[in-house]
Amino acid sequence: MPELPEVETVVRELRPRLVGRRIAAVTVSSLALRRHWSDEWGPRLVGRRVRAVGRRGKWILVALDRQLHLVIHLGMTGQLTVVPGGQPLAGHTHVVLDLDRGGDQLRFRDVRRFGSATLFEARGQLEEFFRQTGLGPEPFDVDAGYWAGRLAATSRCLKALLLDQRVVAGVGNIYADESLYEARLHPARPARNTGPADAGRLRRALVAVLRRAIAKRGSSIRDYVGGSGRRGAYQREFRVYGRPGQPCPRCRGPIARIRLAGRSTHFCPQCQRL
DNA sequence: ATAGGCGCCTGCTGGC
DNA sequence: TGCCAGCAGGCGCCTA
């Protein structure tokens with residue numbers, strides 16, 4: 001579910017609700033999460049104060065005192081919210097952190113459990129983790145030279161490149177399709193056949209689409225909610241994603257859906273020529 | 001290096 | 001109404 005705009009919205013809404021507060025108790029469901037989460041982490045978190053809340057790609061970073069870093073990935077259906085402790089616990093809630101003042105709770109809910117939560121003991125461990133996964137730059141930091149280099153260096157298609165977190169961090173299926181539409185580029189176009197003008201258009205389109213989506217607090221199709229529990233609104237702005245057969249906003253022709261890089265891919269065959 | 005397939009999970013939808 | 005296939009904002013592993 002959540003791509004960069006959704007994760008950014010979660011982070012922005014969690015920040016004022018978490019920073020400066022202390023963790024009073026930790027509860028983990030018996031099912032817990034698919035990867036990561038050790039029984040030792042709960043006790044280690046109790047008494048710690050939240051220093052900062054940040055994001056890297058689709059990863060949420062909660063920095064605590066004593067160098068502790070709680071790193072959360074929302075997978076497909078993850079929700080990370082701060083709610084009053086009295087609010088009924090929704091099904092599939094796997095981690096609950098009680099906060100010291102006011103009785104609020106930070107809750108991690110994840111129906112499909114593709115998400116993860118990991119505790120790192122030092123900033124260096126965190127950096128090592130991202131080094132190992134080879135996480136690429138934030139889209140907003142990608143410059144023309146880097147982008148041209150990455151495009152030229154591969155025989156893969158543009159869609160596959162955009163989805164590769166090592167090339168650029170934070171892009172998923174929705175924003176890959178929406179950016180390619182914005183740039184008028186066919187998703188199956190081989191990256192290395194993309195000239196400088198087209199490459200530049202794609203890079204700028206990606207940034208523009210992501211910024212617009214952040215302004216609308218991300219896209220809620222089914223599960224996604226922000227850190228406050230509110231849904232996003234960018235799903236109403238989709239030009240191609242999830243609209244196969246419907247008219248292209250530009251040319252009125254029908255939007256196509258194909259399978260690419262193992263993912264369902266939406267585009268306008270008229271406006272996005274190979 | 002890269003494509004394709006599967007597996008991890010649960011829930012919802014559409015067709016019969 | 002019931003059943004079953006197919007689908008879903010992700011990602012890591014395996015094989016060819």
Side-chain angles (χ1 to χ4, degrees), chain A residues 1-11 29-37 55-60 71-80 90-94 108-118 129-130 132-136 139 149-180 187-192 206 209-210 212-214 216-226 231-245 257-266:
Chain A
M1 89 170 274
E3 307 178 29
L4 188 152
E6 289 75 38
V7 176
E8 177 64 25
T9 302
V10 169
V11 164
S29 81
S30 56
L31 217 43
L33 294 154
R34 194 161 64 86
R35 292 191 299 271
H36 312 129
W37 199 272
R55 178 190 64 74
R56 183 74 176 85
K58 299 175 192 173
W59 298 89
I60 297 165
V71 178
I72 291 161
H73 197 290
L74 299 178
M76 288 277 262
T77 55
Q79 300 174 335
L80 193 63
H92 305 287
T93 301
H94 297 113
F108 185 14
R109 173 169 190 257
D110 185 0
V111 170
R112 289 175 75 179
R113 282 187 287 136
F114 289 174
S116 65
T118 311
F129 173 71
F130 287 133
Q132 267 185 15
T133 62
L135 191 65
R150 292 306 297 239
L151 264 62
T154 182
S155 59
R156 304 154 83 192
C157 67
L158 291 174
K159 171 75 182 254
L161 205 76
L162 286 171
L163 291 178
D164 188 341
Q165 301 301 298
R166 296 167 302 182
V167 173
V168 58
V171 183
N173 209 31
I174 291 177
Y175 299 108
D177 285 2
E178 292 293 319
S179 302
L180 287 163
R189 176 112 164 242
R192 74 160 55 121
L206 177 60
V209 165
L210 293 174
R212 266 183 259 143
I214 290 170
K216 295 281 182 181
R217 305 181 48 265
S219 307
S220 290
I221 296 169
R222 173 163 283 147
D223 304 277
Y224 164 74
V225 293
R231 289 165 57 84
Y234 195 73
Q235 67 279 5
R236 296 198 277 260
E237 314 289 324
F238 290 167
R239 308 283 197 259
V240 289
Y241 184 83
R243 306 186 58 242
R257 182 168 80 162
I258 59 171
R259 199 111 194 133
L260 215 53
R263 314 295 299 278
S264 151
T265 298
H266 314 76

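Quick caveat: nothing in here was measured; it's all calculated off a predicted structure.
When distances run from any side-chain atom of A/Ser155 to the nucleotides C/dG9, B/dC9, B/dT2, the shortest one goes to B/dT2. With B/dC9, C/dC11, C/dG9 as the choices, the nucleotide that has an atom nearest any side-chain atom of A/Tyr224 turns out to be C/dG9. Distances from the side chain of A/Arg112 to the nucleotides B/dC9, C/dG10, B/dT2 place B/dC9 closest. Nearest nucleotide to the A/Arg257 side chain, out of C/dA8, C/dG9, B/dT10: C/dA8.
Take the nearest nucleotide of DNA chain B for A/Ala160 and for A/Arg222: the residue whose nucleotide is more 5' is A/Ala160.
For A/Thr77, no side-chain nitrogen or oxygen approaches OP1 or OP2 of B/dG11 to under 4.0 Å. Note on A/His92: a side-chain N or O is less than 4.0 Å away from OP1 or OP2 of B/dG11. Using a 4.0 Å cut-off, some side-chain N or O of A/Ser264 falls inside it from OP1 or OP2 of C/dA8. The side chain of A/Tyr175 contributes no N or O atom lying less than 4.0 Å from OP1 or OP2 of C/dG9. For C/dG9, the OP1/OP2 oxygens have no side-chain nitrogen or oxygen of A/Lys58 closer than 4.0 Å. The side chain of A/Arg192 contributes no N or O atom lying less than 4.0 Å from OP1 or OP2 of B/dA1. Contact check, A/Arg263 against C/dC11: no side-chain N or O comes under 4.0 Å of OP1 or OP2.
Between the side chain of A/Gln235 and the backbone N or O of A/Ile221, no donor-acceptor pair lies under 3.5 Å. Without hydrogens or angle criteria, A/Arg113 side chain to A/Val111 main chain gives no donor-acceptor distance under 3.5 Å. Using modelled atom types, no side-chain atom of A/Arg166 and backbone atom of A/Thr133 make a donor-acceptor pair closer than 3.5 Å.
Base orientation of C/dG9: syn, the glycosidic angle falling within 90° of 0.
Rounded to a whole Å, the CG atom of A/Asp110 is 18 Å from the P atom of C/dA8. Following rounding to the nearest Å, A/Arg109 (CZ) and B/dT10 (P) show an atom-to-atom distance of 13 Å. C/dG10 atom P lies 14 Å from atom CD1 of A/Ile60, rounded to whole Å. Across the protein-nucleic acid pair, A/Arg243 atom CZ and C/dG9 atom C1' stand 18 Å apart, rounded to whole Å.
Residue-nucleotide stacking is not present for A/Phe114 and B/dC9, judged by a side-chain ring centre under 5.5 Å from the six-membered base ring centre and planes under 30° apart.
By the side chain to side chain contact (heavy atoms under 4.5 Å, CB included) test, A/Thr265 pairs with A/Lys159, A/Asp177, A/Pro187, A/Ile258, A/Leu260, sequence neighbours left out. The side chain to side chain contact (heavy atoms under 4.5 Å, CB included) search around A/Arg257 returns A/Pro244, A/Ser264, A/His266, not counting sequence neighbours.
In terms of heavy-atom proximity, A/Arg56 sits nearest to A/Ala169 at NH1-CB, 3.8 Å.
No engagement by A/Arg166 is indicated, since no non-hydrogen atom pair under 4.0 Å with the nucleic acid exists. No contact: A/Gly262 has no heavy atom under 4.0 Å from any strand.
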Under the rule of Watson-Crick or G-U wobble with both distances under 3.5 Å, where | means paired to another strand and [ ] a crossing pair, DNA chain B maps to .|||||||.|||||||
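Comparing the P positions of C/dC7 and B/dG4 gives an interatomic distance of 16 Å, to the nearest angstrom. Across C/dT1 and B/dT10, the matching C1' atoms stand 23 Å from one another, rounded to whole Å.
Salt-bridge annotation for A/Arg156 and A/Asp164: present, with a side-chain N of the basic residue lying under 4.0 Å from a carboxylate O of the acidic one.
Within the 4.5 Å cutoff, the side chain of A/Tyr234 has heavy atoms near those of the A/Tyr175 side chain.
Side-chain atoms of A/Arg113 and base atoms of B/dC9 include no donor and acceptor less than 3.5 Å apart.
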